[in-house]
Amino acid sequence: MPMTLRLSDDEADALRRRAEFESRSMQDVAKQAVREYVENHSRRDLLENVLETELPRYTEALERLGR
């Protein structure tokens with residue numbers, strides 16, 4: 001899906017420097033950054049959801065283990 005990404009001058013400069021350093025295109029670096037962001041946040045969201053929904057079921061058992 002085509003999209004336009006508007007960056008500040010500083011952001012564009014940083015992206016350009018990173019892409020040059022890695023001998024990659026700015027687009028490839030930006031796409032990788034988006035993939036990593038989504039993957040990292042998806043894992044965190046999943047863990048938070050499990051902790052919020054499942055942990056309360058085991059509160060009594062955890063309290064007993066703590067004694």
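Computed from a predicted structure; not experimentally measured.
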Problem set entry | Side chain proximity check, Arg44 to Leu46, heavy atoms < 4.5 angstrom |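 Not touching, per the 4.5 Å side-chain cut-off.
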Exercise. Just wondering, do Arg18 and Met26 contact through their side chains at under 4.5 Å, heavy atoms?
Worked result: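 Not touching, per the 4.5 Å side-chain cut-off.
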Problem set entry | Shared hydrophobic cluster for Leu5 and Val34 (ILVMFWY, side-chain gaps under 4.5 Å) |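 No, because Leu5 and Val34 fall into different hydrophobic clusters, even though each may have its own neighbours under 4.5 Å.
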Quick one: pull up [atom1] in [X] and [atom2] in [Y] and give me the separation to the nearest 0.5 Å.
| X | Y | atom1 | atom2 | answer |
| --- | --- | --- | --- | --- |
| Glu52 | Leu47 | CD | CG | 10.0 Å |
| Glu48 | Arg43 | CD | CZ | 14.0 Å |
| Leu62 | Leu55 | CG | CG | 6.0 Å |
| Ser23 | Asp28 | OG | CG | 12.0 Å |

Exercise. Is there a donor-acceptor pair under 3.5 Å between the side chain of Glu36 and the backbone N or O of Ala33?
Worked result: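 Checked: no pair found.
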Just wondering, are more than 12 heavy atoms of other shown residues or ligands nearer than 6.0 Å to [atom1] in [X]?
| X | atom1 | result |
| --- | --- | --- |
| Glu11 | CD | yes |
| Asn40 | CG | yes |
| Glu60 | CD | no |

Problem set entry | Closest non-hydrogen atom pair, Leu51 against Pro56 |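 Distance-wise, the nearest heavy atoms are O-CD, 3.6 Å.
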Exercise. Between Ser42 and Asp45, does a side chain to side chain contact (heavy atoms under 4.5 Å, CB included) hold up when you go through it step by step?
Worked result: CA-CA 5 Å; Ser42 294; Asp45 292 343; 5.7 Å; no
For this session: Salt-bridge test for Arg17 and Glu20: reply yes if a basic N is under 4.0 Å from a carboxylate O, no otherwise.
Result: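 Salt bridge between Arg17 and Glu20, a charged N being under 4.0 Å from a carboxylate O: no.
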